[in-house]
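What follows is one structure encoded as C-alpha cells, with my remarks underneath.
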Amino acid sequence: MRRRHADFRRPLAPIAGVAMLAAGALALTGCAATAASGNGAEGGAKIVATTTQVGDFTRELVGDGAEVTQLLSAGQSAHGFDPSAAQLLALTEADALVVNGAGLESWLDDAVQASGFDGELIDASSGIELFGTDDHEAHADEAAEEGAEDAHADEAEEHAEDEHAEDEHAEGNPHIWTDPELAEHMVENIAHGLAAVPGIDAGTVEANESAYLEKLTALDDWIEENVATVPVEQRLLVTNHDAFTYFVAAYDLTFVGSVIPGFDDNAEPSAAEIDDLVAKIRETGVKAVFSEASISPEAAETIATESGVKVYSGEDALYGDSLGATGTDGETYLGSQEHNARLILESWGVEPSALPAVLQG
C-alpha cells in the first residue's frame with residue numbers, strides 16, 4: 001500500500017494558485033540566463049515552463065506535440081532568477097505558462113506584466129499544502145496536534161483573508177518536487193492544464209501522463225522500500241540548504257541541519273551557524289554532508305572536514321533546486337531522484353536494490 005500524505009503531513013499553507021499581475025511591478029534588471037531550451041514541432045502550441053523540473057514534466061507530457069521553452073537552465077536556481085529579453089519575448093508569444101508555484105518564482109508577476117503574457121497559466125503546485133519554511137517534523141504526532149489547534153484558532157482569520165489570497169504568493173517551502181508522490185500531483189496538474197490549451201492533443205497528453213505516473217509511482221516505491229531497510233534513528237541528513245523538507249517527511253528522515261540557513265540558496269552561513277552545525281553533526285552521529293549541484297560546495301566541504309565526516313560533492317552532489325546538464329545523472333527528474341536516493345542510502349551503508357523494470361533503460 002502506498003503512503004498517504006494526510007497520514008503524516010500537517011497542512012501549513014494551502015495553495016490557491018500563483019498570484020498574477022501584482023500591483024506595482026518592479027523594474028527587471030539585466031539578464032541572468034541564456035535563452036531557454038526548446039523542443040517540439042514548429043507551428044504547434046507554444047509552452048513556456050519556468051524551472052527545470054516543470055520543464056521536464058511538461059516535455060514528458062507533450063512529447064513532440066508542442067514547442068516547450070524552459071526559462072531556467074540546468075544548474076540554475078529559481079530563487080534569484082531574472083529573465084532575459086529573449087525569454088520575455090518567448091513568454092509574450094506563449095500559449096501557456098507552466099510554473100512550479102508555491103511562491104518559488106518570486107519574479108513571476110513582474111515577468112508576466114513586462115511580457116504581456118495572456119495565455120493559460122498552469123500552476124503545478126495547485127492543491128498541494130506546503131510545509132512552513134522551518135518545518136521538518138510535520139509528520140510527527142505532536143506537531144500534527146499543534147497544527148490542528150492552530151488551524152482551529154486561525155480559521156476565522158484565514159477565511160477573512162481568502163479574498164486577498166490571489167494577490168499574494170503563498171508562503172512556505174516551495175521545494176515540493178523532492179517528494180516523488182507530490183511530483184505525481186504536479187504532473188497531474190500540468191496535464192490537466194495542458195489539455196485546455198489550443199493546439200495540444202489531449203489524447204497524447206493523457207497517454208503520456210499515464211505512462212509517466214507509472215514511473216513516478218515505481219520510483220517512490222523503490223525509494224521507500226530501500227529507506228525502510230535503515231532503522232529510523234539512523235536516517236540522518238545534512239544538506240547544503242533547506243531544499244529537501246518534503247523528501248525528509250516522505251521517507252521519515254531526521255533533518256539534522258543545512259550548511260546554508262533557510263531554503264534560499266543565496267544566503268550564507270555565519271561562523272556561529274557553522275559551529276552549531278558541526279556540533280550537531282558530532283552529537284547525532286551524522287556520517288556525511290551533502291553538497292548540491294547548483295551550489296558551491298566550499299562551505300559544505302569545510303563543515304565536513306571540521307566534523308570529520310564524508311562530503312558528497314562534484315558528481316556526487318545532490319540535485320536540489322535544479323536538474324543537471326545533459327549527460328549527467330540529473331538531466332531528468334527521474335534520474336535526479338534516483339541519483340539522490342542512491343547517494344543518501346550509500347551514506348547510511350546501504351546498497352540499493354535494482355531499479356524496477358519500468359525505470360530501467
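Note that these values count all heavy atoms, side chains included, but never hydrogens, waters or copies made by symmetry.
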request  = Answer with yes or no whether the hydrophobic clustering places V358 together with L334; edges join I, L, V, M, F, W, Y residues whose side-chain heavy atoms lie under 4.5 Å apart.
outcome  = yes
ask   = Looking at S125 and I176, what are the two nearest heavy atoms and their distance?
value = CB-CD1, 3.6 Å
remark   = Value for CD (Q87) from CD (Q70), rounded to nearest 0.5 Å, stands at 10.0 Å
query = Mind checking what makes side-chain hydrogen bond (donor to acceptor under 3.5 Å, both in side chains) contact with R342, not counting sequence neighbours?
reply = E338
Partner set under side-chain hydrogen bond (donor to acceptor under 3.5 Å, both in side chains) for N240, not counting sequence neighbours = S291
query = Which residues pass the side-chain hydrogen bond (donor to acceptor under 3.5 Å, both in side chains) test with T50, sequence neighbours left out?
reply = E105
ask   = Got a second to check how far L277's CG is from T302's OG1, nearest 0.5 Å?
value = 11.5 Å
query = Can you find a heavy atom in the side chain of P180 that is under 4.5 Å from one in the side chain of I223?
reply = yes
request  = Could you tell me which non-hydrogen atom of A218 sits nearest to which non-hydrogen atom of L359, and how far apart they are?
outcome  = C-CD1, 4.1 Å
remark   = Closest non-hydrogen atoms of A66 and I200, given as atom of the first, atom of the second and distance, are CB-CD1, 3.6 Å
task = Could you tell me which residues satisfy side-chain hydrogen bond (donor to acceptor under 3.5 Å, both in side chains) with N226, sequence neighbours excluded, listed by chain and number?
result = S353
message = Are Q53 and N100 packed together at the side-chain level, in the sense that at least one heavy-atom pair is separated by less than 4.5 angstrom?
response = no
remark   = Here the gap from Y319 atom OH to L343 atom CG, rounded to the nearest 0.5 Å, amounts to 9.5 Å
key: 4.5 Å side-chain heavy-atom contact, V256 and E283   = no
query = Does F247 reach the side chain of N340, with side-chain heavy atoms less than 4.5 Å apart?
reply = no
inquiry  = If I take atom CG from residue D179 and atom CG from residue D220, how far apart are they, to the nearest 0.5 angstrom?
reply    = 6.5 Å
ask   = Do the non-hydrogen side-chain atoms of V248 and F131 ever get within less than 4.5 Å of each other?
value = no
query = Is there a donor-acceptor pair closer than 3.5 Å between any side-chain N or O of R235 and the backbone N or O of V230?
reply = yes
inquiry  = Could you tell me if the side chain of K310 sits less than 4.5 Å from the side chain of E346, heavy atoms only?
reply    = yes
Of V309, T305, V311, the residue whose pairing with S307 passes side chain to side chain contact (heavy atoms under 4.5 Å, CB included) = V309
request  = Report the C-alpha separation of I281 and E306 in whole Å, then their side-chain angles, then the decisive distance to 0.1 Å, and conclude whether the side chain to side chain contact (heavy atoms under 4.5 Å, CB included) test is met.
outcome  = CA-CA 10 Å; I281 291 172; E306 291 187 13; over 6 Å; no
inquiry  = Tell me whether E93 at atom CD has more than 12 heavy atoms from other residues, nucleotides or ligands lying less than 6.0 Å away.
reply    = yes
request  = For the pair T51 (side chain) and V54 (backbone), establish whether a donor and an acceptor sit closer than 3.5 Å, ignoring hydrogens and angles.
outcome  = yes
ask   = If you take all heavy atoms of A114 and L88, which pair is closest and at what distance?
value = CB-CD1, 4.4 Å
request  = Report, as yes or no, whether the 6.0 Å neighbourhood of atom CG on D275 holds more than 12 heavy atoms from other residues, nucleotides or ligands.
outcome  = yes
request  = Begin with the C-alpha distance, continue with both residues' side-chain angles, and end with the deciding distance and a verdict on side chain to side chain contact (heavy atoms under 4.5 Å, CB included) for V48 and L71.
outcome  = CA-CA 7 Å; V48 169; L71 297 184; 3.8 Å; yes
message = Working to the nearest 0.5 angstrom, can you tell me the gap between L237 CG and F255 CZ?
response = 6.5 Å
request  = Enter the distance from L236:CG to I344:CD1 here, rounded to the nearest 0.5 Å.
outcome  = 11.5 Å
Sequence neighbours excluded and cut-off under 3.5 Å, please list the side-chain donor-acceptor pairs for residues 324-331, or say none.
{"from": "T328", "atom 1": "OG1", "to": "A325", "atom 2": "N", "distance (Å)": "3.4"}
{"from": "T328", "atom 1": "OG1", "to": "A325", "atom 2": "O", "distance (Å)": "2.6"}
{"from": "T328", "atom 1": "OG1", "to": "G330", "atom 2": "N", "distance (Å)": "3.4"}
{"from": "D329", "atom 1": "OD2", "to": "H339", "atom 2": "ND1", "distance (Å)": "3.0"}
{"from": "E331", "atom 1": "OE2", "to": "G327", "atom 2": "N", "distance (Å)": "3.3"}

Between E60 and Y333, a side-chain donor and acceptor under 3.5 Å = no
inquiry  = Under a plain distance cut-off of 3.5 Å, with no hydrogens placed, do T245 and N173 share a side-chain donor-acceptor pair?
reply    = yes
query = For W348, does its backbone N or O pair with a side-chain atom of Q234 as donor and acceptor, under 3.5 Å?
reply = no
task = May I have the step-by-step check of ring-ring contact (aromatic ring centres under 6.0 Å, His included) for H175 and H79, ending in yes or no?
result = CA-CA 11 Å; H175 302 86; H79 292 295; 5.5 Å; yes
request  = Show your working on side chain to side chain contact (heavy atoms under 4.5 Å, CB included) between L318 and F244 and close with a plain yes or no.
outcome  = CA-CA 10 Å; L318 300 183; F244 295 89; 3.8 Å; yes
key: Beyond-backbone contact of V227 with D252, side-chain heavy atoms, under 4.5 angstrom   = no
query = Got a donor-acceptor contact below 3.5 angstrom from the S322 side chain to the G75 backbone?
reply = yes
task = Side-chain contact test, heavy atoms from C-beta onward, threshold under 4.5 Å: evaluate it for W222 versus P352 and give yes or no.
result = yes
key: Residue pairs, two or more places apart or on separate chains, that pass side chain to side chain donor-acceptor pair (under 3.5 Å) and touch residues 203-212   = D201-T204
Shortest non-hydrogen separation from A49 to T58 and the atoms involved = CB-OG1, 4.3 Å
key: Heavy-atom pair with the smallest gap, counting every atom of L61 and V187   = CD1-O, 3.8 Å
